[in-house]
> 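One structure, pasted below without further comment.
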2 protein chains.
Amino acid sequence: MSDGLPPQMGQSLLFLTDEQLRKGIEAMFFAYRGFTADPDRILAEQSYGRAHHRAIHFIHRNPGTTVNNLLSILGVTKQSLNRVLRTLIEDGLVSSTVGQRDKRERHLHLTTDGSALERALSDAQRDRMRAAYRAAGPEAVVGFRQVLEAMMDEDSRHHYEAMKDRPE
Amino acid sequence: MSDGLPPQMGQSLLFLTDEQLRKGIEAMFFAYRGFTADPDRILAEQSYGRAHHRAIHFIHRNPGTTVNNLLSILGVTKQSLNRVLRTLIEDGLVSSTVGQRDKRERHLHLTTDGSALERALSDAQRDRMRAAYRAAGPEAVVGFRQVLEAMMDEDSRHHYEAMKDRPE
DNA sequence: TTGGAATGTCAACAAAGCTGACGTATTGTC
DNA sequence: GACAATACGTCAGCTTTGTTGACATTCCAA
């Protein structure tokens, strides 16, 4: 055995070696940096950060969502989200309206300005994703998503699946 | 056309729709959270953070690396890295030795304790990666890595490639 | 009707990134 | 040998984004 692996392991399990796993870990690290680089540049111009991007993205995807729901999607404390939300509301990118049925709730929507920023951010991020998809090809994309989905926590997967098939 | 797409588009380019790209973006977001969750728990016990993990990981992978080299891999400022490095050295997890050839340089190594923590962290992270790989299968793993590599910045890809085939 | 649960806000603090300036030791070059 | 460049460390100060604790408002159920 020139590869130094136990004979019973064979080719079928080669992808589970520590070496392969480590490469996957490092690939995640470096790729995530690229993944956030383009939106980060746009955000820096307006002195916003990634937290603002995440809030804007998921408000766009869940119009009328409550603070609590957004909280469970983003997985941060409400105080942390509140700070971000406050600046977005002050700057007129997000609107917060008191709930009809339950007046404790606030329903969040993007304003025209908020939608414009969302568009700019997601265009930038999609451009890179598109280039990566194109370079890797359709079969690779299927595998990419399968591994990512398997890597999620249960809670994340629920949120992910819930938004998955909603129309754009 | 029941799918409402232009005829010339066909199946081959379906994976480049905005819808598919958005799913990829959200998958990256949720998966990355899972990716860091397990090490984060271990780090929190010792009041360390992700920055310490990154330093430990890449010192492990590049034993004897200089501060400057680590800086360019991590892509942070030296002040930021220095804060992390200082605590790791004080706590006896990393050793810093003056260079033989160039005495301005410091060469970084993990101590026994540092290696033990590295092992604990990477075991936890590998366990999740292994589970994801196993669930998705070998072909998916190839695609996963292809897309991630295509998503990296040039600089990141250089660092990634340089470490790729080095023995564990 | 009242007490507890839920929703959201404010205050203060910590981790970790950043810029800018500066000091020291060492190296390499003119 | 003088002097610029390099490698590293550090101080000060700021920003973003996470945390916990305290608190007001609203709803619901005993």
> Excluding sequence neighbours, so at least two apart, what forms salt bridge (Lys or Arg N to Asp or Glu O under 4.0 Å) with B:E118?
none
> Who pairs with B:D113 by side chain to side chain donor-acceptor pair (under 3.5 Å), at least two apart in sequence or on another chain?
none
> At under 4.0 Å between heavy atoms, which parts of nucleotides 12-18 of chain D does protein reach? Answer with one letter per nucleotide, 5' to 3': B base, S sugar-phosphate only, - none.
----SBB
> Who pairs with A:T87 by side chain to side chain donor-acceptor pair (under 3.5 Å), at least two apart in sequence or on another chain?
A:H52
> Quick one: list whatever passes side-chain contact (heavy atoms from CB on, under 4.5 Å) with B:E149, sequence neighbours left out.
B:R145, B:M152, B:Y160, B:E161, B:K164
> Reading nucleotides 1-8 of chain C from the 5' end, what letters show protein touch, with B for base, S for backbone sugar-phosphate only, - for no heavy atom under 4.0 Å?
----BBSB
> May I have the distance from A:E90 (atom CD) to C:dC10 (atom C1'), rounded to whole angstrom?
13 Å
> Looking at A:E154 and A:R157, does any basic side-chain N land under 4.0 Å from a carboxylate oxygen?
yes
> Considering residues at least two apart in sequence or located in another chain, which fulfil the side chain to side chain donor-acceptor pair (under 3.5 Å) criterion with A:Y48?
A:D91
> Over its full length, what angle do the end axes of the helix from C:dT1-D:dA30 to C:dC30-D:dG1 make, each axis taken from five pairs and the result rounded to 10 degrees?
10°
> Using whole Å, what does the distance between atom C1' of nucleotide C:dA14 and atom CG of B:L43 come to?
16 Å
> Only counting residues at least two apart or in another chain, list the ones meeting salt bridge (Lys or Arg N to Asp or Glu O under 4.0 Å) with A:R128.
A:D38, B:D153
> What pairs of residues pass the salt bridge (charged side-chain N to carboxylate O under 4.0 Å, His left out) test when at least one of them lies in residues 64-88 of chain A, not counting sequence neighbours?
none
> What is the distance, rounded to the nearest whole Å, between atom CG of A:L85 and atom P of C:dC10?
11 Å
> Kindly write out the residues that satisfy side-chain contact (heavy atoms from CB on, under 4.5 Å) with A:R33, not counting sequence neighbours, or none if the list is empty.
A:F29, A:F30, B:S156
> Whole Å only: how far is the CD atom of B:Q100 from the P atom of C:dT26?
14 Å
> Kindly list each side-chain donor-acceptor pair under 3.5 angstrom involving residues 93-102 of chain B, sequence neighbours excluded, with atom names and distances?
from, atom 1, to, atom 2, distance (Å)
B:T97, OG1, B:H107, O, 3.4
B:D102, OD1, B:R104, N, 2.9
B:D102, OD1, B:R104, NE, 3.1
B:D102, OD2, B:R104, NH2, 2.9

